[in-house]
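We name chains A, B, ... by the order of the sequence lines, and we start the count at 1 in each one.
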Number of protein chains: 2
Amino acid sequence: MIPKPTDAELEILHVLWKYGSATVRAVNEEQNKRAGGDEIGYTTTLKFMQIMADKGLLTRDESQRSHVYSAAVREGDVQSAFVSKLLSSVFHGSAMNLVLQALGTSKPSTSELQQIRALLDEEINNNQR
Amino acid sequence: MIPKPTDAELEILHVLWKYGSATVRAVNEEQNKRAGGDEIGYTTTLKFMQIMADKGLLTRDESQRSHVYSAAVREGDVQSAFVSKLLSSVFHGSAMNLVLQALGTSKPSTSELQQIRALLDEEINNNQR
DNA sequence: AACTTTCTACGAACTGTTTCGTAATATTGT
DNA sequence: ACAATATTACGAAACAGTTCGTAGAAAGTT
């Protein structure tokens with residue numbers, strides 16, 4: 001089972017999922033480019049990436065002086081872990097309620113709704129067989 | 001904006017949503033009836049309910065010696081807050097991806113899928129107009 | 001009235017998360 | 001070679017969440 005990342009860890013994972021691999025410096029600069037509020041200190045980013053490597057969320061290549069990190073977990077797996085947690089802790093395990101809430105909360109466009117519908121049809125067909 | 005409840009607070013809210021209102025004693029007993037692992041101490045439940053009343057998550061009637069608490073937030077609003085947070089922190093704001101992940105993670109039955117599809121069709125029709 | 005039980009309030013310990021300062025070491029520029 | 005800069009590692013402070021022990025007041029029992 002993969003460890004569920006914290007908020008700060010998720011930010012770092014997003015950068016690494018986007019770029020594939022990166023140094024602490026590059027990740028920290030990307031974070032601060034996005035950041036609205038306070039700047040995130042370099043050593044803060046460093047510390048998290050070290051912790052995450054310990055936890056198994058990241059791998060790193062130490063052959064260069066500036067270590068190069070990569071995500072060790074897939075984005076889909078992390079999303080799945082969060083969805084499972086949310087389902088059990090907030091939705092009594094009902095995926096249907098979650099889906100309805102997601103649709104209600106975020107008003108997707110008609111074309112997105114149709115895409116979801118298409119996926120749903122496929123799913124139903126698979127079940128039938 | 002309603003404060004996002006923590007895990008322990010959520011457990012208490014579930015009990016109060018179910019029963020409408022309850023004393024600390026009743027909530028604590030319900031929690032321990034469900035609990036798999038360690039018992040939750042009475043004062044632990046009490047402390048949380050006091051904190052939650054301060055935060056505005058609960059209201060309480062102090063006219064009796066045993067104070068009677070009720071949820072001050074609707075379950076749907078709390079679900080919506082969690083979905084919003086999850087969307088922005090894990091799904092880049094894409095409700096569609098969240099829906100797909102929810103369907104993939106939890107394998108709903110065919111009849112549930114059909115219910116969701118019906119809702120979706122309604123939504124699409126509303127948009128068209 | 002004295003004893004026991006139940007309740008609230010408060011404080012404090014413990015854990016996990018976030019943040020950064022400082023020290024030690026390596027690299028680069030003059 | 002020396003100074004300036006960049007990088008890692010470590011430790012610790014600050015904050016939030018969770019858990020409970022103890023004290024004191026109120027109610028119930030004998």
Side-chain angles (χ1 to χ4, degrees), chain A residues 1-16 21-32 34-70 78 81-82 85 89-90, chain B residues 2-15 21-32 34-70 78 81-82 85 89-90:
Chain A
M1 180 57 70
I2 75 176
K4 191 159 155 288
T6 66
D7 281 355
E9 289 171 348
L10 260 181
E11 270 196 37
I12 288 165
L13 282 171
H14 281 308
V15 175
L16 289 172
S21 64
T23 61
V24 174
R25 176 67 57 192
V27 170
N28 179 251
E29 277 169 7
E30 175 77 11
Q31 285 183 302
N32 285 324
R34 303 178 181 185
D38 292 350
E39 291 251 313
I40 296 167
Y42 175 80
T43 51
T44 303
T45 303
L46 170 66
K47 181 78 185 216
F48 275 120
M49 292 175 76
Q50 287 169 341
I51 291 172
M52 292 167 78
D54 281 352
K55 286 190 190 175
L57 287 170
L58 305 185
T59 56
R60 69 171 165 185
D61 172 357
E62 305 184 15
S63 66
Q64 302 303 120
R65 178 152 109 92
S66 299
H67 300 173
V68 177
Y69 290 78
S70 309
V78 169
F82 274 89
K85 173 76 187 340
S89 71
V90 184
Chain B
I2 74 177
K4 190 159 155 289
T6 66
D7 282 354
E9 289 170 349
L10 218 35
E11 268 196 39
I12 289 166
L13 282 171
H14 282 307
V15 175
S21 65
T23 62
V24 174
R25 176 68 55 193
V27 170
N28 179 251
E29 277 170 7
E30 175 77 12
Q31 286 183 301
N32 286 325
R34 303 179 182 188
D38 292 351
E39 291 252 313
I40 296 168
Y42 174 80
T43 50
T44 303
T45 304
L46 171 65
K47 180 79 187 220
F48 276 119
M49 291 175 76
Q50 288 168 338
I51 291 172
M52 291 168 77
D54 282 351
K55 286 189 191 176
L57 286 171
L58 304 185
T59 56
R60 69 171 165 185
D61 172 357
E62 306 184 14
S63 67
Q64 302 304 120
R65 178 153 107 92
S66 298
H67 300 174
V68 177
Y69 291 76
S70 310
V78 169
F82 273 89
K85 174 73 189 338
S89 71
V90 184

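For the pair A:Ser70 and A:Leu16, the tightest heavy-atom approach, listed with the atom from each and the gap, is C-CD1, 4.2 Å. Between A:Thr45 and A:Ile12 the shortest heavy-atom distance is O-CD1, 4.2 Å.
Using a 4.0 Å heavy-atom cutoff across all strands shown, B:Ser66 reaches sugar-phosphate atoms only and no base atom. Among the heavy atoms of the strands lying under 4.0 Å from A:Thr44 is at least one base atom, whether or not backbone atoms are also near.
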**OP:** Could you walk me through whether A:Met49 and A:His67 pass side chain to side chain contact (heavy atoms under 4.5 Å, CB included), step by step?
**Re:** CA-CA 10 Å; A:Met49 292 175 76; A:His67 300 173; over 6 Å; no
**OP:** Check the pair A:Phe82 / A:Leu10 against side chain to side chain contact (heavy atoms under 4.5 Å, CB included), numbers first and verdict last.
**Re:** CA-CA 11 Å; A:Phe82 274 89; A:Leu10 260 181; 3.9 Å; yes
Subject >> side chain to side chain contact (heavy atoms under 4.5 Å, CB included) between B:Ile40 and B:Glu11, intermediate numbers included >> reply: CA-CA 11 Å; B:Ile40 296 168; B:Glu11 268 196 39; 4.0 Å; yes
**OP:** Could you give me the CA-CA distance, side-chain angles and deciding distance for A:Val24 and A:Gln50, then say whether side chain to side chain contact (heavy atoms under 4.5 Å, CB included) is met?
**Re:** CA-CA 10 Å; A:Val24 174; A:Gln50 287 169 341; over 6 Å; no
Original post:
Yes or no on salt bridge (charged side-chain N to carboxylate O under 4.0 Å, His left out) for A:Lys55 and A:Glu9, after CA distance, side-chain angles and deciding distance?
Top reply: CA-CA 11 Å; A:Lys55 286 190 190 175; A:Glu9 289 171 348; 2.7 Å; yes
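For the pair A:Ile51 CD1 and C:dG16 C1', the computed distance is 10 Å after rounding to whole Å. Spacing between atom CZ of B:Phe48 and atom P of C:dA9 amounts to 16 Å, rounded to whole angstrom units. If you measure from atom OH of B:Tyr69 to atom C1' of C:dA9, you get 10 Å, rounded to the nearest angstrom. Remark: P of C:dT19 and CG of A:Asn28 are 11 Å apart, rounded to the nearest angstrom. If you take CE of A:Met52 and P of C:dT17, they are 12 Å apart, rounded to a whole angstrom. Rounded to an integer number of Å, the gap from CG of B:Leu58 to P of C:dT8 is 13 Å. At whole-Å resolution of the value, CE in A:Met49 and P in C:dT17 are 18 Å apart. Rounded to whole Å, the distance from CD on A:Glu11 to P on C:dT17 is 16 Å.
Annotation: of the two residues near DNA chain D, A:Val68 and B:Lys4, the 5′-most nearest-nucleotide partner is A:Val68.
A donor-acceptor pair under 3.5 Å links the side-chain atoms of B:Ser89 to the main chain of B:Lys85, judged by distance alone. Using a distance-only test at 3.5 Å, with no hydrogens or angles considered, no donor-acceptor pair links the side chain of B:Asp61 to the main chain of B:Tyr69. Panel note: side chain B:Asn28, backbone B:Leu46; no donor-acceptor pair is recorded below 3.5 Å.
Axis angle, first five pairs versus last five pairs of the helix from C:dA1-D:dT30 to C:dT30-D:dA1: 10°, rounded to 10°.
Mapping heavy-atom proximity under 4.0 Å, the span of DNA chain D touched by chain A runs 5' to 3' from D:dA6 to D:dA12.
At least one side-chain nitrogen or oxygen of B:Gln50 sits closer than 4.0 Å to the OP1 or OP2 atom of C:dA9. Taking side-chain N and O atoms only, A:Tyr42 has no distance below 4.0 Å to OP1 or OP2 of C:dT19. Remark: A:Thr6 is in phosphate contact with C:dT18, judged by side-chain N or O atoms under 4.0 Å from OP1 or OP2.
Nearest to the side chain of B:Arg65, among C:dT18, C:dC7, C:dT8, sits C:dC7.
The base of C:dG21 is not paired with the side chain of A:Lys47 by any donor and acceptor separated by under 3.5 Å.
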